[in-house]
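Notes to accompany the following structure.
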There are 2 protein chains.
Amino acid sequence: MRSASAEPDTGTRARIRDAAVLRFAKSGFGASVRSIAAEAGVSPALVIHHFGSKDELHAACDEHVLAWIVETKRQNMGKAARGQLLEVLAQADDMAPLVGYVLRSLQAGGSVGRTFVEHMIDDAEQYTAEAVADGIVRPSRDERARVRYLVYSSLGALMLSVTMNPPEDPEDVNAAVRAFTDDLYLPMLEMFTEGFLTTRRMLDDYLLYVSDPPGTGGEAEDTDGTAA
Amino acid sequence: MRSASAEPDTGTRARIRDAAVLRFAKSGFGASVRSIAAEAGVSPALVIHHFGSKDELHAACDEHVLAWIVETKRQNMGKAARGQLLEVLAQADDMAPLVGYVLRSLQAGGSVGRTFVEHMIDDAEQYTAEAVADGIVRPSRDERARVRYLVYSSLGALMLSVTMNPPEDPEDVNAAVRAFTDDLYLPMLEMFTEGFLTTRRMLDDYLLYVSDPPGTGGEAEDTDGTAA
DNA sequence: GTCGCGGCTGAACGCGTGTTTAGTGTTGAA
DNA sequence: TTCAACACTAAACACGCGTTCAGCCGCGAC
């Protein structure tokens with residue numbers, strides 16, 4: 001039942017799907033079927049006729065955007081390194097609606113956003129492993145946790161920035177992304193290069209704490225820290 | 001017309017307002033007036049009777065939560081240092097709905113979220129200035145930008161984490177917050193203490209770039225780096 | 001008393017939603 | 001030509017929404 005390759009990317013159905021992606025990116029997933037139909041230049045009934053329901057249309061959009069993501073990644077393997085995937089994606093200006101769609105899905109906790117984050121984490125883990133091997137990046141006590149922290153931080157910061165300063169014309173998502181990176185590239189680089197704290201005390205204290213938590217004595221203590 | 005102190009925090013109106021805050025936190029601002037009325041044990045008409053419209057109810061909730069924030073901050077000046085405001089807020093378990101409300105407002109780009117971020121930035125700027133003066137934190141080339149980066153990163157990461165792993169019972173927002181910090185505290189501390197990169201090259205290159213951008217020669221060039 | 005008044009409600013209104021239905025025009029095969 | 005399948009639409013349906021309206025109840029003032 002995979003319709004990914006069975007159907008062409010032209011024709012009315014694809015036009016409706018693209019209009020839906022655009023409208024969802026612009027107005028969120030609450031956008032009405034009627035507005036999507038208007039954008040595609042068809043009747044609302046035809047939208048339902050082709051996709052069955054709004055939810056299935058949403059799912060079709062998710063699938064389409066996801067396929068686009070993996071394709072773009074495949075073509076930009078090298079450039080996408082060091083977690084700059086989003087910036088690479090945003091460079092192709094005509095792809096801006098898809099970036100907006102991803103951000104909407106991130107915001108709504110949709111499946112596209114979820115798998116997008118997972119992809120980014122998996123990729124970043126691979127890239128940082130290479131960078132550590134090359135001596136460019138310091139090793140971590142928990143590589144997976146660090147990668148998750150980095151992805152959540154950068155993606156979350158971007159998301160928050162776009163939410164707080166939404167572009168007037170939603171076509172300009174990439175402009176917003178660029179403004180974000182322009183603003184925060186220096187402090188990020190500073191943090192990455194020089195760190196933030198001058199003393200190791202907090203880190204050492206924490207390491208001591210997790211390796212030998214308070215209340216030691218051999219009793220089976222659960223991991224919940226409510227008693228602390 | 002300030003109703004903050006003119007009206008008591010008991011009575012039907014306050015009960016409706018609290019129910020609305022809870023409902024908004026649980027289901028987002030799309031929650032229906034009817035569901036709020038049901039939660040408060042009154043008729044939908046009474047909600048409108050007291051607040052005029054759903055938008056005005058939303059505004060009243062914003063005002064209430066905002067007042068609660070500044071009050072909590074006032075009481076926890078010391079503890080709230082080092083950007084741990086949200087954790088402090090989440091400690092009082094009965095206040096969980098309000099934390100959820102803030103997260104919803106952050107997600108929706110509402111006024112509460114916006115001023116909350118501004119407050120956090122202002123506070124963090126003050127705290128980091130003190131910490132720099134005390135020699136605990138390294139100075140930055142652009143303190144304001146660094147503070148914005150830190151707030152956006154940490155808040156965005158938290159937001160993303162909660163969005164991707166929503167608590168089953170929305171009462172457990174603080175549990176989700178705690179799970180988030182438990183997971184990512186080590187990598188954050190690592191990053192803050194030891195940094196990420198082993199070499200200064202990227203930072204130095206960037207600093208060289210911004211102080212002497214390519215295409216020098218005196219012509220008035222805009223700041224857009226599309227040519228790069 | 002009985003009046004007024006404010007808290008409060010059930011029922012409805014108008015609207016926008018997703019979806020269905022009945023029917024149009026077109027196109028290609030038999 | 002005739003039939004069937006197809007893309008497509010106008011109109012309506014059922015429903016949930018925010019909101020309004022008319023009126024009920026209980027309580028303090030006169």
Side-chain angles (χ1 to χ4, degrees), chain A residues 1 3 6-64 101 104-105 107-112 170, chain B residues 1 3 6-64 101 104-105 107-108 110-112:
Chain A
M1 265 293 187
S3 60
E7 300 188 12
D9 248 21
T10 59
T12 309
R13 190 189 143 99
R15 202 172 75 249
I16 294 174
R17 193 235 299 125
D18 292 345
V21 169
L22 186 63
R23 197 108 277 295
F24 282 151
K26 279 187 184 178
S27 315
F29 296 110
S32 69
V33 171
R34 282 171 173 82
S35 72
I36 293 169
E39 183 124 3
V42 298
S43 71
L46 189 62
V47 176
I48 301 298
H49 170 70
H50 274 301
F51 293 91
S53 72
K54 185 185 177 180
D55 280 350
E56 291 176 80
L57 169 61
H58 186 166
C61 291
D62 277 7
E63 193 178 347
H64 177 62
Y101 189 95
R104 288 284 181 191
S105 184
Q107 200 169 21
S111 71
V112 166
Chain B
M1 261 297 186
S3 60
E7 300 189 12
D9 248 22
T10 58
T12 310
R13 191 189 143 98
R15 203 171 75 249
I16 294 175
R17 192 234 300 123
D18 291 345
V21 169
L22 187 63
R23 198 76 238 155
F24 283 148
K26 279 186 184 177
S27 315
F29 296 111
S32 70
V33 171
R34 282 171 173 82
S35 72
I36 294 169
E39 183 123 4
V42 300
S43 71
L46 189 62
V47 177
I48 302 298
H49 171 71
H50 274 303
F51 292 92
S53 72
K54 185 187 177 179
D55 280 349
E56 292 177 79
L57 170 61
H58 186 167
C61 290
D62 277 7
E63 193 177 347
H64 177 62
Y101 188 96
R104 287 284 181 192
S105 184
Q107 201 169 18
S111 71
V112 165

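Order of the sequence lines sets the chain letters (A, B, ...), proteins ahead of strands, with each chain counted from 1.
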Q. How close or far is atom C1' of D:dA7 from atom NE2 of A:His49, stated in whole angstroms?
A. 6 Å
Q: Output the distance between atom CD (B:Glu56) and atom SG (B:Cys61), rounded to the nearest 0.5 Å.
A: 12.0 Å
Q: Let me know the distance between NE2 of A:His58 and P of C:dT19, rounded to the nearest Å.
A: 13 Å
Q.
Using 0.5 Å steps for rounding, measure from the OG atom of B:Ser105 to the NE2 atom of B:His58.
A. 6.0 Å
Q.
Quick check on salt bridge (charged side-chain N to carboxylate O under 4.0 Å, His left out): which of A:Arg15, A:Arg23, A:Arg17 does A:Glu39 satisfy it with?
A. A:Arg23
Q: Return the value, rounded to whole Å, for the distance between atom CG of B:Leu46 and atom P of D:dT20.
A: 14 Å
Q) Which part of the nucleic acid does B:Ser32 contact within heavy-atom distance under 4.0 Å: base, sugar-phosphate only, or nothing? A) sugar-phosphate
Q: Starting at atom CZ of A:Phe24, determine the distance to atom P of C:dG18, rounded to an integer number of angstrom.
A: 9 Å
Q.
Working to the nearest 0.5 angstrom, can you tell me the gap between B:Leu57 CG and B:Ile48 CD1?
A. 7.5 Å
Q) Base, sugar-phosphate alone, or nothing: which one does A:Ala31 contact when heavy atoms must sit under 4.0 Å apart? A) sugar-phosphate
Q: Give the nucleotide from the list D:dG18, D:dT20, D:dC8 with an atom nearest to the side chain of A:Thr12.
A: D:dC8
Q. For the pair made of CD1 in B:Ile36 and P in D:dG18, what is the distance, rounded to whole Å?
A. 8 Å
Q) Is any side-chain N or O of A:His50 closer than 4.0 Å to OP1 or OP2 of D:dC8? A) yes
**Q.** Backbone N/O of B:Ala31 and side chain of B:Lys54: donor-acceptor pair under 3.5 Å
**A.** yes
Q. If you pin A:Val42 and B:Ala45 to their nearest nucleotides in DNA chain D, which one's is more 5'?
A. A:Val42
Q. Which nucleotide in the set D:dT19, C:dT9, C:dT20 lies at the smallest distance from any side-chain heavy atom of A:Ile48?
A. C:dT20
(Q) As a test of reading the structure: which of D:dT20, C:dG18, C:dT21 is closest to the side chain of A:Val33, going by heavy atoms? (A) C:dG18
Q) B:Lys54 has a side chain; which of D:dT19, C:dC8, D:dT9 sits nearest to it? A) D:dT19
Q. For B:Phe51 and D:dG18, what is the distance between atoms CZ and C1' respectively, to the nearest whole Å?
A. 16 Å
Q) What's the CG-C1' distance between A:Asp55 and C:dT17, to the nearest Å? A) 13 Å
Q: In whole angstrom, give the distance that lies between atom CZ of A:Phe29 and atom P of C:dT17.
A: 18 Å
Q: On DNA chain C, check which nucleotide each of B:Arg15 and B:Arg34 is closest to and give me the residue with the more 5' one.
A: B:Arg15
